[in-house]
Peer 1: 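One structure is given below, represented as structure tokens, and several questions about it will come after.
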There are 2 protein chains.
Amino acid sequence: MTRRNDGTTRVTIADVAARAGVSLSTVSRALNGNPTVDPALAERVKDAAAALDYTASPVARSLVLGRTQTVAVVVPDLGNPTFQEVLRGLSRAAAADDYHVLVADSAESVDEERVLAGTTRRRTDGVILCAPRLPQDELDRLVGGLRPVVLINRTAGEAPSVRADYRSALTAELELLHELGHRRIVYLAGAPRSVANAARLAAIAEFVAEHPDTEVAEIPCGVDFESGASAGAAVLASGATAALAFNDLVAMGLLSAVQESGCRIPADLSIIGFDDIPFARYTTPPLTTAAVPAAELGAQAWARMRELLEGAEPGEPLTLLPELTVRGSTGPAA
Amino acid sequence: MTRRNDGTTRVTIADVAARAGVSLSTVSRALNGNPTVDPALAERVKDAAAALDYTASPVARSLVLGRTQTVAVVVPDLGNPTFQEVLRGLSRAAAADDYHVLVADSAESVDEERVLAGTTRRRTDGVILCAPRLPQDELDRLVGGLRPVVLINRTAGEAPSVRADYRSALTAELELLHELGHRRIVYLAGAPRSVANAARLAAIAEFVAEHPDTEVAEIPCGVDFESGASAGAAVLASGATAALAFNDLVAMGLLSAVQESGCRIPADLSIIGFDDIPFARYTTPPLTTAAVPAAELGAQAWARMRELLEGAEPGEPLTLLPELTVRGSTGPAA
DNA sequence: CTGTTAGCGCTTTCAG
DNA sequence: CTGAAAGCGCTAACAG
């Protein structure tokens with residue numbers, strides 16, 4: 001074992017070389033499976049390494065090889081079920097390819113999204129960016145300096161992106177409500193400046209244009225339980241027969257709040273969510289929603305990143321269509 | 001910009017030195033705030049660095065400094081709300097101290113727990129280990145080679161640990177049920193060999209010994225929704241007036257299943273969970289549970305790790321007491 | 001106060 | 001097929 005000046009003692013490639021009676025380069029070659037080394041010698045080296053419980057320092061390798069075998073994932077909120085699923089799918093897919101994942105939570109802050117993307121990129125081989133708040137022009141600028149980068153639910157420049165088609169999915173939800181006879185609908189809006197909210201508003205605008213008999217009123221809300229619960233009174237006062245929530249969290253908050261006021265779901269009010277988070281099927285009644293394949297989104301994001309890492313051309317943006325999942329929280333209009 | 005043989009072009013400390021007309025060491029010193037450098041010179045260096053948009057390579061620094069400014073977190077399942085919260089609390093706490101977090105999901109596998117702990121440790125400065133499945137003797141052995149390491153919900157050797165007192169919390173839950181008049185209770189058990197399940201069984205055994213009038217039957221179950229839902233029939237058939245679920249997921253699955261069978265909660269059956277995951281308060285009726293401060297657990301785990309990193313002595317194991325949170329899913333026995 | 005030099009631990013030409 | 005030597009980008013003695 002090599003003793004170092006700080007007193008620490010660590011097994012290095014030199015120790016293996018000494019024990020096997022070969023040079024450093026031979027150890028390196030043998031351990032990396034380089035076929036130019038004599039099989040018998042290679043065996044001897046591997047034995048020595050095993051005996052010393054040696055593994056090459058990832059940091060030293062990273063420096064010389066120029067790659068860290070690690071990718072960064074920047075998400076807006078680790079507390080949000082959707083990003084948790086994305087992270088989970090991504091993490092498992094990357095692990096299957098022997099890559100590690102550095103996570104960073106930007107705490108819903110635009111500044112953090114920008115800064116973290118840069119700082120995490122420097123210590124990894126690429127960054128998978130989930131930055132819903134960052135203005136488009138900033139994103140465009142940022143992406144250039146970050147390559148390789150994969151975007152989730154956004155597009156910018158040449159960067160590969162994987163996204164869920166929020167707009168089409170929302171249209172499907174609106175059509176479901178319309179078929180059920182709902183003509184007065186309220187939409188509980190998310191963060192005003194977010195891309196996700198814009199997509200939903202676009203779908204609504206289009207739908208209303210095509211269905212003049214239907215009115216969709218917007219209620220400013222938020223993205224979490226509390227926001228949904230707080231909007232309960234406004235929803236009941238609106239006289240609408242159906243409420244379309246920005247996401248499942250909002251829908252569940254609303255569900256909980258209006259039921260406490262004696263409102264029956266779906267008899268008095270239909271509620272529809274978005275995302276199909278794991279809990280959506282366990283509410284009472286179970287929540288109708290659009291199933292965003294978040295884990296799959298994460299896995300696909302990794303697949304894209306791996307392509308980039310292997311030097312492939314950035315593929316076409318991948319779009320997954322959330323699947324309308326009808327459960328008990330929606331029914332015919334009163 | 002330094003051109004390298006692979007065609008890449010990257011700004012190095014040499015470029016900054018050249019532009020500022022000083023040596024590499026001066027750049028290093030100036031940029032690291034070393035006070036032995038002339039203020040005017042330091043300014044010049046910083047300007048040069050800014051002009052070139054230079055930041056020192058974290059990998060190179062890691063190699064020479066012997067620290068990566070990164071810690072690893074190994075969790076059994078990124079899909080489990082409790083670990084998600086732990087990760088979130090940890091991630092934010094570490095970020096506040098300018099540390100990065102490498103996550104690894106062991107996919108509930110003992111082998112993975114063991115392997116990941118080692119591989120992630122090598123590329124970080126320490127590991128925070130959440131390994132509920134690993135047998136104690138293996139954990140003891142592992143921890144020695146991993147230092148610095150912080151354990152979550154386990155103890156081993158000298159390693160600092162932060163844990164929730166599952167046992168006391170479960171006792172509190174049992175007492176609540178007893179006060180409500182419940183004498184026939186079923187316990188939906190978690191993974192048989194897990195530490196968490198053992199703690200609950202210990203609390204139950206103790207409680208039963210002290211309350212001979214009360215019977216607590218164990219039903220093998222699991223740790224997720226589906227398990228809880230599947231156990232519904234068995235719970236109803238047991239004739240118990242209250243069900244104690246291994247965790248909130250199980251409780252929610254059960255809640256959902258028995259309600260579909262027409263069972264009224266809490267009139268016909270009281271249900272009590274464990275963890276107080278974010279959704280627990282939004283079920284119908286809201287779930288009585290013990291609030292495990294998971295995010296706080298994560299933050300405290302980081303605090304311990306930071307102490308170790310700063311060379312402090314490992315402190316006493318920290319134990320947080322989950323708080324009994326009474327909501328609508330419990331009521332007087334029928 | 002600043003520059004020169006020697007590594008951190010490893011991989012990879014380049015010679016033999 | 002193997003070894004010596006250079007160097008990844010940076011910091012930290014060690015001299016001046």
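In the text below, chain A, chain B and the rest are named by the order of the sequence lines, each starting its count at 1. Values below: every heavy atom of this structure, side chains too, minus hydrogens, waters and symmetry copies.
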Peer 1: B:Leu65 near the nucleic acid: base, sugar-phosphate alone, or nothing, with a heavy-atom cut-off under 4.0 Å?
Peer 2: sugar-phosphate
Peer 1: Are any of B:Arg61's side-chain N or O atoms less than 4.0 Å away from OP1 or OP2 of D:dT11?
Peer 2: yes
Peer 1: Taking the nucleotide of DNA chain C with the closest heavy atom to each, which residue, A:Tyr54 or B:Ser23, is nearer the 5' end?
Peer 2: B:Ser23
Peer 1: Which value, rounded to the nearest 0.5 Å, describes the distance between B:Arg163 atom CZ and B:Leu320 atom CG?
Peer 2: 9.5 Å
Peer 1: Would you mind reading off the distance between B:Asn34 atom CG and D:dT11 atom P, rounded to a whole angstrom?
Peer 2: 11 Å
Peer 1: From the set C:dC10, C:dT4, D:dT11, return the single nucleotide nearest to any side-chain atom of B:Asn32.
Peer 2: D:dT11
Peer 1: Rounded to the nearest angstrom, tell me the gap between atom CZ in B:Arg10 and atom P in D:dG9.
Peer 2: 8 Å
Peer 1: Can you name the residues that form a ring-ring contact (aromatic ring centres under 6.0 Å, His included) with A:Tyr99, not counting sequence neighbours?
Peer 2: A:Trp302
Peer 1: Can you check the B:Asp15 CG to D:dC8 C1' distance for me, whole Å?
Peer 2: 14 Å
Peer 1: Which ones in residues 35-43 of chain A lie close to DNA chain D, meaning a heavy atom under 4.0 Å from one of its atoms?
Peer 2: A:Thr36, A:Val37, A:Asp38, A:Leu41
Peer 1: For the residue pair B:Arg61 / B:Asn32, report whether a side-chain donor-acceptor contact shorter than 3.5 Å exists.
Peer 2: yes
Peer 1: Any salt bridge linking B:Arg19 with B:Asp47? Criterion: basic side-chain nitrogen under 4.0 Å from a carboxylate oxygen.
Peer 2: no
Peer 1: So how far is it from A:Leu78 CG to A:Ser106 OG, rounded to the nearest 0.5 Å?
Peer 2: 9.0 Å
Peer 1: Under 4.0 Å from OP1 or OP2 of C:dG9: is there any side-chain N or O of A:Ser57 that close?
Peer 2: no
Peer 1: Quick check on D:dT2: is either OP1 or OP2 less than 4.0 Å from any side-chain nitrogen or oxygen of A:Thr26?
Peer 2: no
Peer 1: Among D:dG9, D:dC10, C:dG3, which nucleotide has an atom closest to any side-chain atom of A:Leu63?
Peer 2: D:dG9
Peer 1: Residues in side chain to side chain donor-acceptor pair (under 3.5 Å) with A:Arg121, at least two apart?
Peer 2: none
Peer 1: For residues A:Ser91 and B:Asp105, is any side-chain donor paired with an opposing acceptor at under 3.5 Å?
Peer 2: no
Peer 1: Using a 4.0 Å heavy-atom cut-off across all strands, classify A:Val59 as base, sugar-phosphate, or nothing.
Peer 2: nothing
Peer 1: For nucleotides 13-16 of chain C, tabulate all protein N/O to nucleotide N/O atom pairs closer than 3.5 Å, reporting atom names and distance.
Peer 2:
none

Peer 1: Starting at atom CG of B:Asp125, determine the distance to atom P of C:dC8, rounded to an integer number of angstrom.
Peer 2: 19 Å
Peer 1: Does this structure show an ion pair linking A:Arg114 with A:Glu138, if we count only N-O contacts that are shorter than 4.0 Å?
Peer 2: yes
Peer 1: Could you tell me how far apart B:Leu24 (CG) and D:dA12 (P) are, to the nearest whole angstrom?
Peer 2: 14 Å
Peer 1: With a 3.5 Å cut-off and sequence neighbours excluded, list the donor-acceptor pairs that the side chains of residues 305-315 of chain A form with protein atoms.
Peer 2:
unit_1: A:Arg306; atom_1: NH1; unit_2: A:Asp97; atom_2: OD1; d: 3.1
unit_1: A:Arg306; atom_1: NH1; unit_2: A:Asp97; atom_2: OD2; d: 3.1

Peer 1: Can you pull the ring-ring contact (aromatic ring centres under 6.0 Å, His included) pairs that have at least one residue in residues 16-64 of chain A, sequence neighbours excluded?
Peer 2: none
Peer 1: Check the distance between C:dG7's C1' and A:Ile13's CD1 and give it to me in whole angstrom.
Peer 2: 16 Å
Peer 1: Mapping B:Ala60 and B:Gly21 to their closest nucleotides on DNA chain C, which lands nearer the 5' end?
Peer 2: B:Gly21
